[in-house]
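When a residue number appears, it is its place in the shown sequence, counting from 1. All figures in this text were calculated on a predicted structure; none of them were measured in a lab.
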Amino acid sequence: MQHKRIFVTVGTTKFDELIKTVTNNDVLKELNDKGYNELVLQIGKTDIEPDCTPRCGFSRIEAFKLSPSLHEAMESADLIISHAGAGSCLEALELAKPLIVVTNDLLMNNHQLELAEQLYKNGHLYYSNCKNLAGLIKSMDLSKLKPFQGDNSKEIANVIDEIMGFQ
(Lines give C-alpha, C1' and ligand atoms only; values in the text may rest on other atoms or scores of the structure.)
Protein backbone atom coordinates (compact mmCIF):
# COMPACT_ATOMS: atom_id res chain seq x y z
CA MET A 1 0.00 0.00 0.00
CA GLN A 2 1.29 3.46 -0.92
CA HIS A 3 1.68 5.85 2.01
CA LYS A 4 0.24 9.33 1.52
CA ARG A 5 0.99 11.54 4.49
CA ILE A 6 -0.72 14.64 5.78
CA PHE A 7 1.11 16.96 8.12
CA VAL A 8 -1.00 19.28 10.27
CA THR A 9 0.63 22.18 12.08
CA VAL A 10 -0.56 24.83 14.50
CA GLY A 11 2.94 26.25 14.94
CA THR A 12 3.62 27.58 18.43
CA THR A 13 0.00 28.60 18.91
CA LYS A 14 -2.88 26.90 20.66
CA PHE A 15 -5.46 25.98 18.03
CA ASP A 16 -7.30 23.04 19.61
CA GLU A 17 -10.28 23.46 17.29
CA LEU A 18 -8.11 22.61 14.27
CA ILE A 19 -6.71 19.47 15.94
CA LYS A 20 -10.19 18.33 17.00
CA THR A 21 -11.58 19.05 13.53
CA VAL A 22 -8.90 17.24 11.55
CA THR A 23 -9.16 14.13 13.79
CA ASN A 24 -12.95 14.08 13.45
CA ASN A 25 -14.10 10.94 11.62
CA ASP A 26 -15.95 12.95 8.94
CA VAL A 27 -12.78 14.88 8.02
CA LEU A 28 -10.64 11.73 8.19
CA LYS A 29 -13.03 9.96 5.81
CA GLU A 30 -12.88 12.84 3.31
CA LEU A 31 -9.07 12.84 3.49
CA ASN A 32 -8.95 9.07 3.04
CA ASP A 33 -11.30 9.35 0.05
CA LYS A 34 -8.59 11.60 -1.49
CA GLY A 35 -6.04 8.81 -0.96
CA TYR A 36 -4.37 9.85 2.30
CA ASN A 37 -3.66 7.22 4.96
CA GLU A 38 -1.12 8.71 7.40
CA LEU A 39 -1.58 11.73 9.64
CA VAL A 40 1.08 13.56 11.63
CA LEU A 41 -0.18 16.29 13.97
CA GLN A 42 1.95 19.07 15.43
CA ILE A 43 -0.43 20.21 18.17
CA GLY A 44 1.44 23.16 19.74
CA LYS A 45 0.81 24.54 23.21
CA THR A 46 -2.19 22.50 24.24
CA ASP A 47 -3.38 20.24 27.00
CA ILE A 48 -5.55 18.09 24.73
CA GLU A 49 -4.52 14.59 23.77
CA PRO A 50 -5.90 13.90 20.29
CA ASP A 51 -7.30 10.47 19.48
CA CYS A 52 -4.45 8.82 17.54
CA THR A 53 -6.25 5.51 17.10
CA PRO A 54 -5.85 4.37 13.47
CA ARG A 55 -9.28 4.57 11.81
CA CYS A 56 -11.23 5.72 8.76
CA GLY A 57 -8.60 4.22 6.43
CA PHE A 58 -5.65 5.78 8.26
CA SER A 59 -2.99 3.25 9.19
CA ARG A 60 -1.05 5.73 11.31
CA ILE A 61 -2.01 8.83 13.30
CA GLU A 62 0.58 10.43 15.56
CA ALA A 63 0.98 13.71 17.43
CA PHE A 64 3.72 15.83 18.96
CA LYS A 65 3.63 19.24 20.65
CA LEU A 66 6.59 21.35 19.55
CA SER A 67 9.81 20.90 17.61
CA PRO A 68 12.73 23.23 16.89
CA SER A 69 12.08 22.73 13.17
CA LEU A 70 9.09 21.48 11.20
CA HIS A 71 11.03 21.35 7.94
CA GLU A 72 11.50 17.57 7.89
CA ALA A 73 7.84 16.89 8.72
CA MET A 74 6.72 19.32 6.01
CA GLU A 75 9.16 17.91 3.48
CA SER A 76 7.89 14.34 4.00
CA ALA A 77 4.22 15.35 3.67
CA ASP A 78 2.07 14.92 0.58
CA LEU A 79 -0.37 17.53 1.92
CA ILE A 80 0.03 20.19 4.60
CA ILE A 81 -2.88 21.52 6.63
CA SER A 82 -1.75 24.57 8.56
CA HIS A 83 -2.89 27.41 10.74
CA ALA A 84 -2.61 30.72 8.88
CA GLY A 85 0.68 31.81 10.41
CA ALA A 86 2.84 33.52 7.79
CA GLY A 87 5.93 31.44 8.64
CA SER A 88 4.13 28.11 8.27
CA CYS A 89 2.44 29.18 5.03
CA LEU A 90 5.70 30.47 3.57
CA GLU A 91 7.64 27.32 4.40
CA ALA A 92 4.97 25.02 2.92
CA LEU A 93 4.72 27.08 -0.26
CA GLU A 94 8.49 27.27 -0.70
CA LEU A 95 8.58 23.45 -0.42
CA ALA A 96 5.96 23.35 -3.20
CA LYS A 97 3.59 21.29 -1.05
CA PRO A 98 -0.17 21.36 -1.54
CA LEU A 99 -1.49 23.52 1.28
CA ILE A 100 -4.80 23.98 3.05
CA VAL A 101 -4.79 26.90 5.47
CA VAL A 102 -7.34 26.80 8.27
CA THR A 103 -8.11 30.17 9.79
CA ASN A 104 -8.90 30.65 13.45
CA ASP A 105 -12.26 32.42 13.71
CA LEU A 106 -11.55 33.26 17.36
CA LEU A 107 -8.74 35.69 16.53
CA MET A 108 -9.57 39.38 16.70
CA ASN A 109 -8.59 41.55 13.71
CA ASN A 110 -7.90 38.38 11.78
CA HIS A 111 -5.00 39.37 9.53
CA GLN A 112 -4.40 35.65 9.00
CA LEU A 113 -7.68 35.46 7.09
CA GLU A 114 -6.57 38.31 4.82
CA LEU A 115 -3.26 36.54 4.11
CA ALA A 116 -5.02 33.23 3.36
CA GLU A 117 -7.54 34.95 1.07
CA GLN A 118 -4.81 36.70 -0.92
CA LEU A 119 -2.73 33.54 -1.36
CA TYR A 120 -5.92 31.71 -2.40
CA LYS A 121 -6.71 34.42 -4.98
CA ASN A 122 -3.18 33.98 -6.32
CA GLY A 123 -3.95 30.25 -6.73
CA HIS A 124 -1.34 28.97 -4.28
CA LEU A 125 -3.50 27.30 -1.63
CA TYR A 126 -6.98 26.47 -0.40
CA TYR A 127 -8.31 27.91 2.82
CA SER A 128 -11.19 27.25 5.16
CA ASN A 129 -12.29 27.57 8.73
CA CYS A 130 -12.77 24.49 10.90
CA LYS A 131 -16.53 24.37 10.30
CA ASN A 132 -16.15 24.10 6.52
CA LEU A 133 -13.00 21.96 6.32
CA ALA A 134 -14.68 18.64 5.42
CA GLY A 135 -16.59 20.29 2.57
CA LEU A 136 -13.47 21.97 1.24
CA ILE A 137 -11.55 18.68 1.26
CA LYS A 138 -14.39 16.96 -0.58
CA SER A 139 -14.48 19.60 -3.34
CA MET A 140 -10.79 20.59 -3.65
CA ASP A 141 -8.69 19.81 -6.69
CA LEU A 142 -5.04 20.07 -5.69
CA SER A 143 -3.94 19.84 -9.33
CA LYS A 144 -5.30 23.37 -9.85
CA LEU A 145 -2.92 24.92 -7.32
CA LYS A 146 -0.15 27.06 -8.77
CA PRO A 147 3.28 26.37 -7.30
CA PHE A 148 5.58 29.22 -6.46
CA GLN A 149 8.27 29.65 -9.07
CA GLY A 150 11.67 30.52 -7.63
CA ASP A 151 11.92 32.60 -4.48
CA ASN A 152 8.58 34.23 -3.81
CA SER A 153 9.26 35.20 -0.20
CA LYS A 154 9.32 38.86 -1.32
CA GLU A 155 5.82 38.41 -2.78
CA ILE A 156 4.53 37.03 0.50
CA ALA A 157 6.35 39.68 2.52
CA ASN A 158 4.70 42.37 0.37
CA VAL A 159 1.27 40.82 0.95
CA ILE A 160 1.90 40.69 4.70
CA ASP A 161 3.19 44.28 4.74
CA GLU A 162 0.12 45.44 2.83
CA ILE A 163 -2.25 43.65 5.19
CA MET A 164 -0.45 45.09 8.22
CA GLY A 165 -0.60 48.59 6.74
CA PHE A 166 3.16 48.98 6.30
CA GLN A 167 2.85 49.86 2.60
Side-chain angles (χ1 to χ4, degrees), residues 1-11 13-44 46 48-64 70 73-107 110-149 152 156 159:
M1 168 162 65
Q2 180 182 354
H3 297 285
K4 283 189 72 178
R5 179 176 297 160
I6 301 165
F7 177 61
V8 178
T9 179
V10 301
T13 66
K14 181 177 180 177
F15 193 0
D16 293 350
E17 185 182 9
L18 174 55
I19 300 304
K20 290 175 184 174
T21 299
V22 85
T23 55
N24 174 289
N25 286 349
D26 292 336
V27 171
L28 289 174
K29 286 175 188 168
E30 292 298 340
L31 289 166
N32 186 252
D33 285 350
K34 295 286 185 178
Y36 299 98
N37 54 18
E38 291 185 1
L39 180 64
V40 177
L41 306 160
Q42 183 270 315
I43 61 175
T46 184
I48 67 167
E49 291 291 330
D51 181 0
C52 291
T53 307
R55 63 193 182 282
C56 302
F58 279 78
S59 60
R60 189 174 122 216
I61 300 173
E62 63 182 55
F64 65 94
L70 300 178
M74 286 185 162
E75 202 169 48
S76 68
D78 298 294
L79 171 66
I80 297 172
I81 299 175
S82 176
H83 71 121
S88 296
C89 291
L90 180 60
E91 187 166 1
L93 292 171
E94 286 181 343
L95 288 170
K97 297 294 180 173
L99 176 62
I100 299 173
V101 169
V102 181
T103 58
N104 188 342
D105 293 338
L106 302 177
L107 294 178
N110 196 348
H111 298 301
Q112 290 185 351
L113 176 59
E114 294 174 48
L115 176 62
E117 285 176 340
Q118 185 61 51
L119 292 170
Y120 169 75
K121 286 177 189 173
N122 292 348
H124 300 300
L125 55 77
Y126 286 103
Y127 80 96
S128 178
N129 58 18
C130 288
K131 180 179 160 190
N132 299 317
L133 184 58
L136 171 74
I137 293 164
K138 184 174 191 144
S139 66
M140 72 182 182
D141 181 353
L142 296 178
S143 70
K144 293 188 177 190
L145 292 178
K146 298 176 188 172
F148 271 177
Q149 301 297 322
N152 287 294
I156 292 179
V159 169

Go through the steps to decide whether Ser82 and Leu99 satisfy the test side-chain contact (heavy atoms from CB on, under 4.5 Å), and finish with yes or no.
CA-CA 7 Å; Ser82 176; Leu99 176 62; 3.9 Å; yes
Under a 3.5 Å threshold, yes or no: a donor from one side chain and an acceptor from the other, between Asn37 and Ser59?
no
Once you round to the nearest 0.5 Å, how far does CZ of Arg60 lie from NE2 of His3?
8.5 Å
Would you confirm whether Thr46, through its side chain, and Ile48, through its main-chain N or O, come within 3.5 Å as a donor-acceptor pair?
yes
Roughly how far, to the nearest 0.5 Å, is the SG atom of Cys130 from the CD atom of Glu17?
4.0 Å
Hey, mind stepping through Asp51 and Thr23 against side chain to side chain donor-acceptor pair (under 3.5 Å) and telling me if it holds?
CA-CA 7 Å; Asp51 181 0; Thr23 55; over 6 Å; no
Between Gln42 (side chain) and Gly11 (backbone), is there a donor-acceptor pair under 3.5 Å?
yes
Here the pair of heavy atoms bringing Leu28 nearest to Phe58 is O-CE1, 3.3 Å
Calculate, to the nearest 0.5 Å, the distance between atoms NZ and CD belonging to Lys138 and Glu30 respectively.
5.0 Å
Separation between CG (Leu113) and CD (Gln118), nearest 0.5 Å, reads 11.5 Å
Donor-acceptor pair, side chain of Lys4 and main chain of Asp78, under 3.5 angstrom:
no
Kindly indicate, with the supporting measurements, whether the criterion side chain to side chain donor-acceptor pair (under 3.5 Å) is fulfilled by Thr9 and His83.
CA-CA 6 Å; Thr9 179; His83 71 121; 5.0 Å; no
Side-chain touch Glu117/Thr103, heavy atoms, less than 4.5 angstrom:
no
Out of curiosity, Arg5 CZ to Glu62 CD, how far, rounded to the nearest 0.5 Å?
7.0 Å
Which pair of non-hydrogen atoms, one from Leu93 and one from His124, has the smallest distance, and what is that distance?
CD2-O, 3.5 Å
Check against side-chain contact (heavy atoms from CB on, under 4.5 Å), Asn129 and Leu133
CA-CA 6 Å; Asn129 58 18; Leu133 184 58; over 6 Å; no
Inter-residue atom distance Tyr127.OH - Leu115.CG, 0.5 Å rounding
11.0 Å
Is there side-chain contact between Leu31 and Asp33, with at least one heavy-atom pair below 4.5 Å?
no
Between Lys97 and Ala77 the two heavy atoms that sit nearest each other are NZ-O, 2.9 Å
How far apart are the closest heavy atoms of Leu125 and Ala116, and which atoms are they?
CD1-O, 3.6 Å
Restricting to ring pair (Phe, Tyr, Trp, His ring centres under 6.0 Å), what partner residues turn up for Phe7, sequence neighbours left out?
none
Partners passing side chain to side chain contact (heavy atoms under 4.5 Å, CB included) against Glu91 (at least two apart in sequence or in another chain):
His71, Met74, Leu95
Hey, mind stepping through Leu142 and Leu79 against side-chain contact (heavy atoms from CB on, under 4.5 Å) and telling me if it holds?
CA-CA 9 Å; Leu142 296 178; Leu79 171 66; 4.1 Å; yes
Under 3.5 Å, side chain of Tyr126 to main-chain N/O of Pro98, donor-acceptor pair present?
no
Indicate the atoms forming the closest heavy-atom contact of Val10 with Leu18, along with that distance.
CG1-CD2, 3.9 Å
Taking C-beta and beyond as the side chain, do Ile61 and Thr53 meet within less than 4.5 Å on heavy atoms?
no
Between Ser88 and Gly85, is there a donor-acceptor pair closer than 3.5 Å when you use the side chain of the first and the backbone of the second?
no
Look only at the side chain of Asn132 and the backbone of Gly135, and say whether a donor-acceptor pair between them is shorter than 3.5 Å.
no
Does the pair Val101 and Cys89 meet the rule for a side-chain contact (heavy atoms from CB on, under 4.5 Å), with working shown?
CA-CA 8 Å; Val101 169; Cys89 291; 3.6 Å; yes
Tell me the closest heavy-atom pair linking Tyr36 and Ile6, and the distance in Å.
CB-CD1, 3.4 Å
